[in-house]
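Because the structure is predicted, anything quoted here is derived from the model rather than measured.
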Amino acid sequence: ERGLDLVLAQIRYSIPEELEHGAFVGNIAEDLGLDVAKLSARRFRIVSGAKKQFLEVNLENGILFVNEKIDREELCERSPSCFLHLQVVIENPLELYRVEVEILDVNDNSPSFPWSEFNLDITESAAPGSRFPLESAQDQDVGTNSLRSYQLSANEHFVLNIQTRNDGSKFAELVLDTPLDREQQKKHEMVLTAFDGGSPERSGTALITVTVLDANDNVPVFDRSVYRASLVENAPRGTLVLKLNATDLDEGSNGEVTYAFSGHAPLKVRELFSVDPYTGEIRVKGIVDYEKASVYELYVQAKDRGPSAVAVHSKVLVDILDVNDNAPEVILTSVSTPVQEDAPAGTVIAVISVMDRDSGENGNVDCQIPSNVPFQLHSSFKNYYTLVTSEFLDRETVSEYNITLTARDLGSPSLSTRKTIVVQVSDINDNPPRFSQPSYTVYVTENNAPGASICSVTAFDPDSNQNAYLSYSILEGQIQGMPVSTYVSINSDNGNIYALRSFDYEQLRNFQILVQAQDAGFPPLASNVTVNVFVLDQNDNAPVIVSPLPKNGTVASEVVPRSVDAGYLVGKITALDADAGQNSRLSYQVLQATDPGLFSVALYTGEIRTIRRLVERDATRQRLVILVKDNGQPPLSATVSIVLTVVDSVPESLSDFGDLTLSPQPPSNLALYLIVSLSTISLIFLVAIIVLTLSGYNLPPFVNGNSSLSQSYCYKVCLTPESAKSDFMFLKPCSPGSTPRNNEAKSAENSWNAQNNLTNYASRAKARLSHYTIHNVSRSIIDEKWQMAGLGETGEDFERGGGKEKEGAQGHGWTETWAACRSAPALSSECEEREREREKDRDVASYLSSKNEKRRGEIEGGGRNETRRGEIYGGRMSTSVFSNSNRRGSRP
């Protein structure tokens, strides 16, 4: 059954109680004229003020169905009518409907008596027609299903009279129909049956036992047949309602009256009120609530204390006066939260219903919310309100509102209720990421470890959840022609930037990268920031000596006139350092000196000057070792050795401190000229040997083996893998020879002078080479002094001593002979000079090897360099020529 009120937009359904889950109530969508397909989109929902959600709507078909079994007696107690009040809310646009569902009673409860057996004492003198009230039966059902009638079992003396109260309930009285005779029968038993009006009919029974007493002439009499009193609800316990008054004409115990509730007084009345048995005062025993009952009927009785006492009955009506004792109740019918921050003004946030159980002005309610929130409260129906937005919201400013709703009734004194409505604002992606700095500056020391973190960028997004999840990336770009991705990378989650390679300050001093932070919103928003990376210099480059450089494999030399004064500029050390700042600031100092008090070097310019005038006792050869050190931490250094020769007059020769600029002529022609010159001089040298032989000196024949009387000479011509030119190599004895004669020694000395001229020529030619380095030209001849010192033959005796002359990188073969030099005082000065030259040659070779992409020369293995040595009798001559015919950039 349903009805529709178009004006109030109200619809009513009626259903019986105790329906199972899923039972059909009505097609609410059809009844309200709504499109079923749009129910979900319009957020169709119903809200009930009950504690349980008894009814629900299927959004697919719009049918209202029973969600939970309904017990009318539990929901509405004894109320004659029972309704479920529902609110239907539909958005876009907002529509409100009131739905009432009447819960119809079914006969699911049987009448029942408080006790299963009643005992009545009646005097035998009781006159026919005397009435004796009985305990009423109770039925929880209402209407036709409630208690309808009583029935008494057949007996000889009593009949049943049924009475109706003001509220429509019924109770029974036992009426004496014929006199009793105690002598004939002392007890009478009857069955009282209560019937309801349901279908099928239900009933309940109780046993009545009547005991016949001896006669008592007079009974008590109430001064009123009906008493009436008023009582304010919530009156405290013990409050006097009224005082009963009954009198008995008998004397003694037969005249003493006692009071009590009648047997058919309801149980609820007995719980709320009490009767004093001696004074007859009725007082409040429980909590009296106007909202539960506005009037109470109390049935009381009075009887004396004599034998065979008969009770008389009276009725008391208590009217309950309403007071404002109930604060308004606020029910959130519907709350749409969270609400998007870009929701337009007028968006419905919540539907609110209020009620007050009081009556009259005490039940009228007014609602308000604070004025400092972007919301408004609109009243659509009586006691129904809608909470709507009044302006745009901004989640980044306020993400949650706690709106306090105050409901106040109009009673005196007024009562109010406060309800907090939490409205959460949902985020939209309306804010791009923001970096914590407008730009980043990062300083990275060169030679950093690849893969190490160099910095971290941080951005934040005021949005929330997915809109605030940030991902970092490096935008495409180039650094020195290479993609930026080959230099640095970034962790997309935390913004840590990592170097992918080791930076070199000398090649790259600074660069910029562009980092982007992008959120995960839709559509995504992004921001960029510039990261400036500066590479800091590290002292990783040692000073490099530019001048003077060793020539022909010998230590740089310079001549100093003996007549110079103190402060004379002998020369200048020039060095460079690839580092920057303090790491490239060079200082010079004398590390070793033949005479420390003779020469000094300027600390920052490298100028070598005399400290004092030279005197005759000063050695003619002064050796200086200059230390060039940078100002880094830790400092790096390089050394250079210089031999200063003191002369009476300065010869016309090229100084080692001169211009070191190499000739731009092609290296291939110069090499050819050098080879032709060396070959010509070598041929002249060979002819000289032949001439000496023909003039009377017999040279042993060229034989193989190790004969002490024979000497074998070999000529070797080598083509290196890197050159198309030939390098001429000098004579080398194949086996040690015997001790030469004096005239042979003289010839050897003459030959050495010729070879020395050849060496000087090669030294001068080297200064004009542009792409060639004569790596090592060393003279290691100890002529007649060798023999005079008694050291034996140069070759044979040396090998017999266990020393094997090595053809090393420097080509000296001097290491094994050092012990012999130490044992000959006459040769000690030349031996020391020879060792110093050997150490310098090794330093130069090490420097060239470390600074060039290809090795500048290898003596052993590979056939790139050959050393040619020649020995003539007791004299010794050793010359090494390193050829780099097609080598590019031979100068470091």
Side-chain angles (χ1 to χ4, degrees), residues 34 38-47 49 59 87-97 328-354 365-381 383-408 416-436 458-471 517-527:
L34 302 175
K38 297 182 180 179
L39 294 182
S40 296
R42 297 186 63 184
R43 299 187 64 187
F44 180 98
R45 57 194 181 275
I46 62 172
V47 180
L59 297 181
Q87 289 79 41
V88 176
V89 182
I90 309 175
E91 297 182 3
N92 302 321
L94 177 66
E95 295 180 17
L96 300 177
Y97 300 92
E329 296 181 13
V330 177
I331 302 173
L332 297 179
T333 302
S334 173
V335 178
S336 300
T337 182
V339 58
Q340 285 193 346
E341 58 180 324
D342 61 343
T347 301
V348 177
I349 305 301
V351 178
I352 306 159
S353 62
V354 295
V365 181
D366 179 55
C367 292
Q368 291 181 346
I369 61 172
S371 59
N372 60 347
V373 293
F375 300 95
Q376 291 179 348
L377 203 59
H378 293 165
S379 178
S380 51
F381 302 110
N383 293 338
Y384 283 87
Y385 297 86
T386 55
L387 181 67
V388 299
T389 59
S390 59
E391 58 187 63
F392 282 103
L393 307 177
D394 186 2
R395 191 205 66 84
E396 288 71 40
T397 303
V398 181
S399 62
E400 183 179 279
Y401 290 90
N402 293 318
I403 305 172
T404 301
L405 173 68
T406 303
R408 189 182 304 276
S416 63
T417 299
R418 297 179 185 271
K419 185 80 171 182
T420 299
I421 304 175
V422 179
V423 179
Q424 295 180 340
V425 183
S426 63
D427 183 53
I428 62 172
N429 195 24
D430 58 345
N431 291 279
R434 286 182 284 181
F435 285 91
S436 58
T458 303
F460 67 95
D461 194 317
D463 294 324
S464 64
N465 299 329
Q466 182 177 348
N467 296 331
Y469 178 79
L470 300 183
S471 176
Q518 180 175 290
D519 60 32
F522 184 81
L525 301 177
S527 296

- Has N465 got more than 12 heavy atoms of other residues, nucleotides or ligands less than 6.0 Å from its CG? no
- Message: Are more than 12 heavy atoms, taken from residues, nucleotides or ligands other than E400, located less than 6.0 Å from that residue's CD atom?
- Response: yes
Using every non-hydrogen atom in the two residues, find where [X] and [Y] come nearest and quote the distance to one decimal.
X    : Y    : answer
F522 : N467 : N-OD1, 4.3 Å
D461 : P433 : OD2-N, 3.8 Å
T347 : P344 : OG1-O, 2.6 Å
Q368 : L377 : N-CD2, 4.1 Å
P328 : A407 : CG-O, 3.7 Å
R395 : S426 : CD-C, 4.0 Å

Nearest-0.5 Å distance that lies between atom [atom1] in [X] and atom [atom2] in [Y]:
X    : Y    : atom1 : atom2 : result
I428 : E396 : CD1   : CD    : 8.0 Å
Q518 : Y469 : CD    : OH    : 11.5 Å
L387 : I421 : CG    : CD1   : 5.5 Å
N402 : Q424 : CG    : CD    : 9.5 Å
T406 : D366 : OG1   : CG    : 10.0 Å
Q376 : I369 : CD    : CD1   : 7.5 Å

Between [X] (side chain only) and [Y] (backbone N and O only), is there a donor and an acceptor less than 3.5 Å apart?
X    : Y    : value
T389 : G346 : yes
R434 : S527 : no
S390 : P374 : yes
D427 : S464 : yes

- Donor on one side chain, acceptor on other, D519 and N429, under 3.5 Å: yes
Decide yes or no for [X] and [Y]: does some side-chain heavy atom of the first lie under 4.5 Å from some side-chain heavy atom of the second?
X    : Y    : value
I352 : V330 : yes
Y385 : L405 : no
Y97  : L34  : yes
D430 : E341 : yes

- Message: Please evaluate residues V339 and V423 with respect to the criterion side-chain contact (heavy atoms from CB on, under 4.5 Å), reporting the C-alpha separation (whole Å), side-chain torsions for both, the decisive distance (0.1 Å), and the verdict.
- Response: CA-CA 7 Å; V339 58; V423 179; 3.8 Å; yes
